[in-house]
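Everything on this sheet refers to the single structure shown next.
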Amino acid sequence: MKNTASSTGSITREEKIDTAKQAMGLEEGSSCMISADDKLLASLGYRAELKREFSYLTVFGQSFGAMGIAPAIAESMIFSLGSAGAPGMVWTYLVGCILLIPVALSLGELGSSMPTSGGLYFWVAQLCPPKYRAFWAWLAGYNNVLGYISIYSSTIYAATLILGATCSISTDGAFVATKYIDYGIFAATTGLTFCMTCVPTKILHKLNMFYIAVQFAMLLAFIIAFTATTPEKNSASFVFTDFQNTGFWSNDGWAFMLCFLTPVWVVSGFESSAAIAEEASNAAIAVPFAMVSSLVTALLTGWGVIVTIAFCMGPDPIAIVTTELGQPLAQVAFNSLGKNGSIALLVCLWFSSICNCSILMVAASRETFALARDHGLPFSSYFRVLNSYKTPARAVGFVALIALAEALLMLVNSIAINSIFNLAIMGLYFAYCMPLIARLLFNNFRPGVWYMGPVLSYISSVYSVCWMSFVFILLLFPTYPDPNAQEMNYAVVVMGATLVFCVGYWWLPRYGGRTFFTGPVRTIDELVDSGVEVGEVIEKGLVEGRKA
């Protein structure tokens, strides 16, 4: 009977049931019991499509690896060292990370309650009343996706500068990368990380383990290499107490505040564990645990690296910031380790940056896949398709193409491409704030297993919105008090253009987002609607799952 039905093109009851079991994460021959993770996912409206092969450690590695502490410090120390010298760099990193812990706790609560790859924009949609749901989710989704793509782009750009500085040292200054060479390196790195990301989940799990080892090894190498080889170290007072206004703002307090840009940049991406929630086991605990534990680990290890650099960088921070190598840490390495030692360290640092870029591409591609699954992107039906390994390769390709487009700004000038750095943080912080604001305004939050209680949870959410709003404003300020066209911080222009695009695309007649995006789509209904038998299998699985 089954063969006859199949030969005529119809679908039998048994085939429908098999389809339902596969989509709900049930193995061949299993009972209708659905795992707690897939039961929770189904209750949120999604059928299981991605394979759950990520452990606690993998999820931690996603958040910790996305921060990429060693390369991120190398890329961003210019912000603090160029504003308030060594004490500004040392103390704002420590304080800045501590001030972000409540943010991680608050976002962790949302990740525990709603562990889906959609992350921030899904949380916004669930917390908003129907009247505002689609538009708020649209803004959060686009800012989150663009934020992650931009932080991925800016990390590749920083890796490009590290490689350029390494080549310059190895040729005794004879090699000077042009902007076209830099773009070529950027494109090659993008292609490399594309290949590193389009692999089966099982291999990606192993790569994440390797990336964690690389990140910790790089941090250890920094501390040991600089401590062991620097002939004359700075005094403790120089590192911790002798404040220097090394920037262009005359107000010392504001110069110190600008140093917070370093920790903000370094630990950005700590919530990226939410992007792989649908590939993680025990996601309701693993996701928030990864957010908080990775941030605390970044605080301790990163501060150790920052303090080591401050002791070993020499007495002239301005000379470090304005180095002809174009990379302050490269100059510190050259001064302390000499030519061969600095080349070896910088090559390792570049490789660590590549690992960091790969993890960021995972986060960006999962966010892109989730938004496409909910019909939030143009050509969503194309970008939401998984390959034979059950990984979103097309979404990875989308991330790569947008990154290459953003990198064209490096052909303009360094000011233009540096605006992508600020867009990366502002886009993420804008998206971070939206679900917390929605939670406070509409009081529609259902706690998960990770919950601080009503009082602490409310206080933490209010604080998080206030702190991130301050950082958002901080990112808009220029380096110079009275900037000309070349010195202007174009972050306000880039962020403004992003918001105009999001709002304009939403209201575009006939083709705008409001014509096709209604918020998260219940993909579980696609199965339920396919037949009574399928619905019975799913309902039975959910009921048995609730009893477990």
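- When the shell of 6.0 Å around CZ of Phe311 is examined, it contains more than 12 heavy atoms from other residues, nucleotides or ligands.
- Taking Ser365 as the reference, nothing meets the side chain to side chain donor-acceptor pair (under 3.5 Å) condition, with sequence neighbours excluded.
- Between the side chain of Trp450 and the backbone N or O of Ala284 there is no donor-acceptor pair closer than 3.5 Å.
- By the 6.0 Å contact criterion, CZ on Phe289 is open, its count of non-hydrogen atoms from other residues, nucleotides or ligands being 12 or less.
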What side-chain donor-acceptor pairs closer than 3.5 Å can you find for residues 257-266, not counting sequence neighbours?
| residue | atom | partner | partner atom | Å |
| --- | --- | --- | --- | --- |
| Thr262 | OG1 | Ser76 | O | 2.8 |
| Thr262 | OG1 | Ser80 | N | 3.3 |
| Thr262 | OG1 | Ser80 | OG | 2.9 |

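- A 4.5 Å side-chain heavy-atom check between Ile162 and Ser353 finds at least one atom pair inside the cut-off.
- The ring pair (Phe, Tyr, Trp, His ring centres under 6.0 Å) check on Tyr148 picks up nothing, with sequence neighbours excluded.
- A side chain to side chain contact (heavy atoms under 4.5 Å, CB included) with Cys357 holds for exactly one of Thr197, Ile156, Ile151; it is Ile156.
- Each of Asn144, Asp374, Asn143 was scored for a side chain to side chain donor-acceptor pair (under 3.5 Å) with Tyr121, with one residue passing: Asp374.
- Within the 3.5 Å criterion, the main-chain N or O of Val90 finds a donor-acceptor partner in the side chain of Trp303.
- Between Leu94 atom CG and Met89 atom CE the span is 13.0 Å, to the nearest 0.5 Å.
- The ring pair (Phe, Tyr, Trp, His ring centres under 6.0 Å) check on Phe470 picks up Trp467, with sequence neighbours excluded.
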- Message: If you apply the rule ring-ring contact (aromatic ring centres under 6.0 Å, His included), what do you find for Trp91 with Phe240, and how did you get there?
- Response: CA-CA 8 Å; Trp91 290 116; Phe240 296 109; 5.7 Å; yes
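- Residues Leu57 and Asn208 are not in side-chain contact: their nearest non-hydrogen atoms beyond the backbone lie 4.5 Å or more apart.
- Between Met468 and Leu436, the closest side-chain pair of non-hydrogen atoms falls below 4.5 Å.
- You'll find the side chain of Phe135 stays beyond 4.5 Å of the side chain of Arg514, heavy atoms only.
- Interatomic distance, Ile212 CD1 to Ile359 CD1, rounded to the nearest 0.5 Å: 7.5 Å.
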- Query: Taking it one step at a time, do Val455 and Ile459 satisfy side chain to side chain contact (heavy atoms under 4.5 Å, CB included)?
  - Reply: CA-CA 6 Å; Val455 177; Ile459 293 173; 3.9 Å; yes
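- Under the 6.0 Å cut-off for aromatic ring centres, Phe477 and Trp254 qualify, their centroids lying closer than that.
- Tyr142 is linked by a side chain to side chain donor-acceptor pair (under 3.5 Å) to nothing, counting only residues two or more places apart in sequence or in another chain.
- Ring orientation note: the planes of Tyr451 and Phe445 are tilted relative to one another, at an angle of 30° to 60°.
- A 4.5 Å side-chain heavy-atom check between Thr368 and Phe398 finds at least one atom pair inside the cut-off.
- A heavy-atom distance below 4.5 Å is not found between the side chains of Val399 and Glu367.
- Phe248 is linked by a ring pair (Phe, Tyr, Trp, His ring centres under 6.0 Å) to Tyr480, counting only residues two or more places apart in sequence or in another chain.
- In this structure a side-chain-to-backbone donor-acceptor pair under 3.5 Å is present from Ser272 to Gly269.
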- Item | Stepwise side chain to side chain contact (heavy atoms under 4.5 Å, CB included) check, Leu81 with Met313 | CA-CA 11 Å; Leu81 194 60; Met313 70 180 189; 3.6 Å; yes
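- With values rounded to the nearest 0.5 angstrom, Met426 atom CE is found 5.5 Å from Phe472 atom CZ.
- Side chain of Ser352 to main chain of Met218: no donor-acceptor pair is present (N/O by atom type, distance under 3.5 Å, no hydrogens or angles).
- Checked against a 6.0 Å centroid threshold, the rings of Tyr56 and Phe60 do not count as neighbours.
- Between the Trp506 side chain and the Trp138 main chain, no donor and acceptor come within less than 3.5 Å of each other.
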- Message: Using the rule given for side chain to side chain contact (heavy atoms under 4.5 Å, CB included), can you reason through Val103 versus Leu100, listing the C-alpha separation, both sets of side-chain angles and the distance that settles it, and then say yes or no?
- Response: CA-CA 5 Å; Val103 180; Leu100 275 170; 4.1 Å; yes
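- Between Val199 and Thr391 there is no side-chain heavy-atom pair separated by less than 4.5 Å.
- Counting only distance, with no hydrogens or angles, the side chain of Ser460 and the backbone of Leu456 share no donor-acceptor pair below 3.5 Å.
- Under the salt bridge (charged side-chain N to carboxylate O under 4.0 Å, His left out) criterion, the residue pairs touching residues 438-467 are Glu109-Arg439, with sequence neighbours excluded.
- Scanning for ring pair (Phe, Tyr, Trp, His ring centres under 6.0 Å) contacts around Tyr432 gives Phe270, Tyr429, with sequence neighbours left out.
- What you find for Ala104 and Leu295 is that their closest heavy atoms are CB-CD2, 3.8 Å.
- Here the side chain of Tyr132 pairs no donor or acceptor atom with the backbone of Ala125 at under 3.5 angstrom.
- Looking at Ser268 and Met67, their side chains never come closer than 4.5 Å, going by heavy atoms from C-beta outward.
- Contacts of Asp252 classified as side chain to side chain donor-acceptor pair (under 3.5 Å), with partners at least two apart in sequence or in another chain: Asn245.
- Residues that satisfy the side chain to side chain donor-acceptor pair (under 3.5 Å) test with Asn356, not counting sequence neighbours, are absent from this structure.
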- Message: Working note: Glu406 + Ser153, criterion side-chain hydrogen bond (donor to acceptor under 3.5 Å, both in side chains); need CA distance, chi angles, decisive distance, verdict.
- Response: CA-CA 7 Å; Glu406 288 184 339; Ser153 300; 2.8 Å; yes
- Task: Go through the steps for Ile309 and Leu329 under the test side chain to side chain contact (heavy atoms under 4.5 Å, CB included), then give the verdict.
- Result: CA-CA 8 Å; Ile309 292 173; Leu329 189 69; 3.7 Å; yes
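- The salt bridge (charged side-chain N to carboxylate O under 4.0 Å, His left out) analysis of residues 57-68, with sequence neighbours excluded, yields no pairs.
- A side-chain donor-acceptor contact under 3.5 Å links Thr246 to the backbone of Gly85.
- The salt bridge (charged side-chain N to carboxylate O under 4.0 Å, His left out) pairs that include a residue from residues 130-153 number zero, where partners must be two or more places apart or lie in different chains.
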